[in-house]
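I have placed the structure first, in the form of structure tokens, so that the comments after it can refer back to it.
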Amino acid sequence: MKKFLIRREMEGAGSIPKHDLNSAGKGSEEVLEAMRSEGKNIMQQESYVVGDAIFCVYNSDSEDLIKEHSERSGVPASEISEIATVIKHNTSVVS
């Protein structure tokens with residue numbers, strides 16, 4: 001699978017209570033589980049809440065699957081970028 005960084009513009013994201021973020025995450029995961037049950041290779045790795053955006057790291061076979069997940073979950077993706085390389089700074093090794 002390829003690795004993608006998804007930017008989701010969301011006014012006041014950094015102020016959203018953790019309970020609400022957890023609820024949104026569960027809804028997103030339900031859509032991901034449904035997609036995987038359809039044989040689609042997609043999974044969320046982690047997300048970062050920064051100011052007015054949420055940045056999500058996904059593993060997926062394609063950008064189209066990321067777009068499908070965004071549409072089905074009702075959480076728009078402002079930008080989708082395929083990650084070319086990951087640099088692990090704690091080891092200074094490129095993977």
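When a residue number appears, it is its place in the shown sequence, counting from 1. Quick caveat, the model's predicted, so the values are computed rather than measured.
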Next item on the list: Decide yes or no for Arg7 and Ile80: does some side-chain heavy atom of the first lie under 4.5 Å from some side-chain heavy atom of the second?
Entry: no
Next item on the list: Just jot down the side chain to side chain contact (heavy atoms under 4.5 Å, CB included) partners of Gln44, sequence neighbours excluded, or say none.
Entry: Ser28, Leu32, Ser47, Cys56, Tyr58
Next item on the list: Compare all side-chain heavy atoms of Ile54 with those of Tyr48 and state whether any distance is below 4.5 angstrom.
Entry: no
Next item on the list: Would you mind reporting whether Glu79 and Leu5 have side-chain heavy atoms less than 4.5 Å apart?
Entry: no
Notebook entry, point to check: Which heavy atom of His69 sits nearest a heavy atom of Ile42, and at what distance?
Noted result: CB-CD1, 4.0 Å
Notebook entry, point to check: Sequence neighbours excluded, which residues qualify as side chain to side chain contact (heavy atoms under 4.5 Å, CB included) partners of Ser70?
Noted result: Arg8, Ala77
Next item on the list: Sequence neighbours left out, what passes side-chain hydrogen bond (donor to acceptor under 3.5 Å, both in side chains) with Lys40? Give chain and number order.
Entry: Glu38, Glu68
Next item on the list: Identify whether the distance between the nearest side-chain nitrogen and carboxylate oxygen of Glu30 and Arg72 falls below 4.0 Å.
Entry: no
Next item on the list: Using the test side chain to side chain contact (heavy atoms under 4.5 Å, CB included), find all partners of Asn59 that sit at least two apart in sequence or belong to another chain.
Entry: Met1, Lys3, Met43, Gln45
Note to self: Distance check, rounded to the nearest 0.5 Å: Ser60 atom OG versus Phe4 atom CZ?
What the structure shows: 5.5 Å
Notebook entry, point to check: Quick one: does Lys26's side chain get under 4.5 Å of Glu29's, heavy atoms only?
Noted result: no
Checklist line | Smallest separation among heavy atoms of Ala13 and Val49, with atom names | finding: O-CG1, 3.3 Å
Next item on the list: Provide the closest heavy-atom pair for Ile6 versus Ile66 in the form atom of the first, atom of the second, distance.
Entry: CG1-CG2, 3.6 Å
Next item on the list: Output every pair passing salt bridge (Lys or Arg N to Asp or Glu O under 4.0 Å) with a member in residues 42-64, not counting sequence neighbours, ordered by first then second residue.
Entry: Glu63-Lys67
Checklist line | Those residues that, when tested against Glu82, pass side-chain hydrogen bond (donor to acceptor under 3.5 Å, both in side chains) (two or more places apart) | finding: none
